[in-house]
Structure formats: C-alpha cells, structure tokens
Novice: 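Handing you a structure now.
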There are 2 protein chains.
Amino acid sequence: MAQKNILQYLLLGLLNQAPKTGYDLKRVFENEIGEFWQAKHSQIYPELKRLETEDLITHIELISGTKLKKKQYTITPSGVSYFNEWRYSPTSEILASKDEFILKLYFIESKNDQHLPAMFAEQTTLHTDKLTHLLARKALVFPNQATITANYGHYLILEHAINREQDYLKWLATADC
Amino acid sequence: MAQKNILQYLLLGLLNQAPKTGYDLKRVFENEIGEFWQAKHSQIYPELKRLETEDLITHIELISGTKLKKKQYTITPSGVSYFNEWRYSPTSEILASKDEFILKLYFIESKNDQHLPAMFAEQTTLHTDKLTHLLARKALVFPNQATITANYGHYLILEHAINREQDYLKWLATADC
DNA sequence: CATACCATGTAAGTAGTTACATGATTAT
DNA sequence: ATAATCATGTAACTACTTACATGGTATG
C-alpha cells in the first residue's frame, strides 16, 4: 500500500471535526477507525509535521499540568478544501483486504483435510471475540438515537464492522462441514 | 503491512503444488489469490532469488522457442517444511482490510448528507461489477464437481470472495436509505 | 508487421512497522 | 511508589509500488 497517502486525508478529516493533538489522533486510529485503517504514532507525528509545512494545518502549544507540552493541531482553510477534494471524489478502486487465513485455505487440497476443522474453529473463536468486542463498543458509544445522530459516520463504520464480522462468521459456519 | 513476509510462504506454497516460473507465479497473483493478496513481478523476482539463497527453492533454466530463457523454480525439502510450519501454525491476528469508501463515510455528519446516495450508488456499481466478474470466473474455472475436488483450495477462496461481495452489496442496500 | 503477451530484471521512491528514546501526569 | 497512560519524537528496517529497461514469441 505504498501510493495514495490516505493517512493525510484521515488526519485532515479528523482535525476538520475539531482541533486535536497527535496523541488524540493516535487514539482515534486505535479505536473508531482502526477497523478500516491503522496508523502508529511513529507515522502520525511526522505526517503532521509535513502537513504543517504544506500549510494544511497549524498548531499551538498547550501545557498540561505544570510542564507537559502538547501540540494542538487545527486545520487551515486550504486544508479543508484539500480534504473535501478527496472526500467528494470518486472512490473507484476497491482496496485490498489481506486475509492470511484465507490464503492458508487456498493450499488445502481436499475437503477431508484433517486440519480443516481446527482451522475453522480457531477463526470462529477469533471472529466471535471480535464481534463481541464490537457489539460492546456499540452499546457503550451509541446508547441512544441522539448519540447516533451526533456521530453518524462513526455509527456507520461501526455498523459495517459488525456486519462484516457477522457475515464472516456465517461463512465460517457454512464452509466448515 | 511491513512485517511477516507472507509473500515467501505464498511462493513456497505455489511451488509446492508444482514447479513454476516467476511469470507463472505473477499470474497466480493476478488471478486466483489476487482477491486476498497482491504482489507485483518487481517484488516476486527478488524474493525468488532470496528464497534460493536460503536453499528453500532451486531453479533450472528452460528455453522457450529458440532463445527465450525462463527459470523454473522447484521447492526443496527444507522449503516444504518451512512452508508447512507456516501453513499449520495458528493464524491469530486478523489482518487489516483497508476500505477507502468506509473511511469517507466516517466523515459524513448526517443521515441526510446530499452526497450519500451518489456515494452508495457508485459503490454498488463497483461491487456489482466485481461480483459479476467473480461469478463468471467461477463458472469458467469450476464447471463441474470434478474441477472443484481437484482444486479445492482455489474453490474455497473464490467462494469466499463471492460471498464477501454479496454481503457488501447487501450492506450497501440496507445502509443506503 | 504490429499488437499483445511472455519473460526477467533493477532503481527509486513511498508506506508502514518495530525499536529506540525521553519525560510528565494520573490513578491505585 | 509504581504502574498505566499521556505526550512526542527519531532511526532503522521491511514491504510494496511505480517506473525504467530489455528482449522473445505468438496471433491475426
């Protein structure tokens, strides 16, 4: 995945919602959008610096407590238009999803391979755990209609993640026999 | 995706089925397993060279026509055991699927956003085309039960890809309203 | 005879991970 | 006081893409 620099748009989009620090952004990747994009702090901090040199964002320094410095980034007007350009442009390519389990399945030669049941059982556990976690998050973050309306995009993405796990589990159940 | 070198296992697994040239391998990525892993020839050829220095594969030179040289790679016994180690080891981590469309959705603020219908329509077209293509491939490659039995892993992976597109389309249909 | 495909390679660059490094604050 | 978390950064490396480069073969 070395080509489009989608990270920059995500950072701009997140800063377009509200000013944030690098650490705040890092946490968004760990939580809400982590299901569909990952970024470590070691990638986020340099990218924020680069975006600032491009005048797409600016920062001010805040002090937490007595001496802990943090940089709060804000999107600039040109940052907003650069973000909107991406946001409302066609999304033609379906980005690759890589699935190591499916690849291992590819090398199975027979329906009766003795390893198949254990492999399916393992994935079922894994995806069940993930689904449970996502459902718990949904219940926590969206307890009522007002919270959904206030964070509609986040809701959509979480719903999609839940849907994806449910379908994956359904496939595991039917494929394994 | 910079960490596990899954490509090496895929190359070994494919050579474990039968000896192949780099170009043969390149085509497998374009066709059968391209739905779940991608690799360009510029990544495949150097990796084959590396695997040979590790004594996991060897090659002989063949001549096509009168002078076109090609290298046919064969897996070695240590290559087979290295492959099997991966193949039958637990697959604990669910690898990230990156979806640019879902990320764009994340930044939608309201259910009534005027851009939503066009965005969903575009994705519906995209995934419908992909599904059509996959179904055509299935009909072509697996015309009868014998072809399924002979390439069971390939069948499983293609079925999963079809299933995934169907579920994605189902979600697009219900989420868009 | 030209186009598409077969066949192999390298170079340069971008994206992303892991590890190294440091220090402050909050909760237990 | 100690562990978890807040907060920011860089260095080294691996994975992957795009572009450059070359030449043979088969089909119409």
Side-chain angles (χ1 to χ4, degrees), chain A residues 1-11 15 19-31 33-34 36-54 57 59-73 93-98 100 103, chain B residues 1-11 15 19-31 33-34 36-54 57 59-73 93-98 100 103:
Chain A
M1 333 275 69
Q3 78 278 42
K4 282 186 71 179
N5 196 356
I6 286 175
L7 179 61
Q8 66 180 331
Y9 301 115
L10 299 179
L11 296 175
L15 294 175
K20 287 178 183 68
T21 66
Y23 196 81
D24 292 335
L25 291 163
K26 178 205 144 212
R27 273 184 309 186
V28 179
F29 283 95
E30 283 165 359
N31 301 309
I33 69 182
F36 300 97
W37 204 268
Q38 297 78 43
K40 306 286 167 71
H41 76 277
S42 56
Q43 200 187 357
I44 294 168
Y45 289 120
E47 186 63 16
L48 286 170
K49 286 200 165 172
R50 192 191 66 79
L51 288 170
E52 191 162 32
T53 67
E54 304 273 321
I57 60 176
H59 85 272
I60 53 165
E61 203 156 271
L62 300 178
I63 305 290
S64 237
T66 56
K67 48 175 94 155
L68 182 59
K69 287 176 186 174
K70 46 178 167 178
K71 294 181 178 175
Q72 189 182 57
Y73 288 93
E93 205 196 350
I94 297 171
L95 287 171
S97 62
K98 304 198 161 183
E100 193 175 358
L103 294 169
Chain B
M1 353 276 30
Q3 78 277 41
K4 282 184 71 180
N5 195 358
I6 287 175
L7 179 60
Q8 66 181 332
Y9 301 114
L10 299 179
L11 296 176
L15 294 176
K20 286 179 184 66
T21 66
Y23 197 80
D24 292 335
L25 291 162
K26 177 206 143 210
R27 274 182 309 185
V28 179
F29 283 96
E30 282 165 0
N31 302 308
I33 69 182
F36 300 98
W37 204 270
Q38 296 77 43
K40 307 285 167 73
H41 77 276
S42 56
Q43 200 188 358
I44 294 169
Y45 289 119
E47 187 62 17
L48 286 171
K49 287 199 166 176
R50 193 191 68 79
L51 288 170
E52 192 162 31
T53 68
E54 305 273 321
I57 60 176
H59 84 272
I60 53 164
E61 204 157 88
L62 301 178
I63 305 289
S64 237
T66 56
K67 47 175 97 158
L68 183 60
K69 288 177 187 173
K70 44 179 170 178
K71 294 182 177 173
Q72 189 182 54
Y73 288 93
E93 204 195 349
I94 297 172
L95 287 170
S97 62
K98 303 198 160 182
E100 194 175 0
L103 294 169

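The model shown is predicted, which means the values in this text are computed figures rather than measured ones.
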Novice: How long is the span from the NZ atom in A/Lys69 to the CG atom in A/Leu62, to the nearest 0.5 Å?
Specialist: 12.0 Å
Novice: Just the rounded figure in Å: distance from P of D/dA7 to OH of A/Tyr73.
Specialist: 14 Å
Novice: Can you confirm whether A/Glu100 sits close enough to B/Lys4 that some side-chain heavy atom of one is under 4.5 Å from a side-chain heavy atom of the other?
Specialist: yes
Novice: Calculate the interatomic distance between A/Lys98 atom NZ and C/dG16 atom C1'; express it in whole Å.
Specialist: 11 Å
Novice: Is there a side-chain contact between B/Lys98 and A/Lys98 (heavy atoms, below 4.5 Å)?
Specialist: no
Novice: Distance from B/Thr21 atom OG1 to B/Leu15 atom CG, nearest 0.5 Å?
Specialist: 9.5 Å
Novice: According to side chain to side chain contact (heavy atoms under 4.5 Å, CB included), who are the partners of B/Gln43, at least two apart in sequence or on a separate chain?
Specialist: B/Leu7, B/Ala39
Novice: Out of curiosity, B/Gln38 CD to B/Ile33 CD1, how far, rounded to the nearest 0.5 Å?
Specialist: 9.0 Å
Novice: How close or far is atom P of C/dT8 from atom CG of B/Leu48, stated in whole angstroms?
Specialist: 9 Å
Novice: If you round to the nearest 0.5 Å, how far is CG of B/Leu48 from NZ of B/Lys26?
Specialist: 13.5 Å
Novice: Rounded to the nearest Å, what distance is computed from the OH atom of residue A/Tyr9 to the P atom of nucleotide C/dA15?
Specialist: 10 Å
Novice: How long is the span from the CG atom in A/Leu10 to the CD1 atom in A/Ile44, to the nearest 0.5 Å?
Specialist: 9.5 Å
Novice: Verify whether one side chain among B/Asp24 and B/Gln72 offers a donor that lies under 3.5 Å from an acceptor in the other.
Specialist: no
Novice: With sequence neighbours excluded, tell me which residues meet side chain to side chain contact (heavy atoms under 4.5 Å, CB included) with B/Lys40.
Specialist: B/Ser42
Novice: Given atom NZ of B/Lys67 and atom C1' of C/dT8, what is their separation to the nearest angstrom?
Specialist: 17 Å
Novice: Reckon B/Lys40 has a side-chain N or O less than 4.0 Å from the OP1 or OP2 of D/dT18?
Specialist: yes
Novice: In whole angstroms, how far is the P atom of D/dC16 from the CG atom of A/Asn5?
Specialist: 18 Å
Novice: Give the minimum heavy-atom separation between A/Ser64 and A/Lys70, together with the two atoms involved.
Specialist: OG-CE, 3.4 Å
Novice: Given Watson-Crick or G-U pairs with both distances under 3.5 Å, what dot-bracket string fits DNA chain D, with | for other-strand pairs and [ ] for crossing?
Specialist: ||||||||||||||||||||||||||||
Novice: Give each protein N/O atom lying under 3.5 Å from an N/O atom of nucleotides 10-12 of chain C, with the pair distance.
Specialist:
none

Novice: Do B/Leu11 and B/Arg50 come within less than 4.5 Å of each other through their side chains, counting heavy atoms only?
Specialist: no
Novice: A/Glu52 side chain to A/His59 main-chain N or O, any donor-acceptor pair under 3.5 Å?
Specialist: yes
Novice: List in numerical order all residues of residues 19-31 of chain B for which some heavy atom is under 4.0 Å away from an atom belonging to DNA chain D.
Specialist: none
Novice: Give a yes/no answer on whether the side chain of A/Lys70 brings an N or O atom under 4.0 Å of OP1 or OP2 in D/dA7.
Specialist: yes
Novice: Please write out the pairs of protein N or O atoms and N or O atoms of nucleotides 26-28 of chain D separated by less than 3.5 Å, giving the distance to one decimal.
Specialist:
none

Novice: With the threshold set at 4.0 Å, does a side-chain nitrogen-carboxylate oxygen contact exist between B/Glu30 and B/Arg27?
Specialist: no
Novice: Round to the nearest Å and state the distance from A/Glu52 atom CD to D/dG9 atom C1'.
Specialist: 15 Å
Novice: Would you kindly compare A/Ile63 and A/Glu47 by the position of their nearest DNA chain C nucleotide and give the one closer to the 5′ end?
Specialist: A/Glu47
Novice: Just the rounded figure in Å: distance from C1' of D/dC16 to CG of B/Leu7.
Specialist: 10 Å
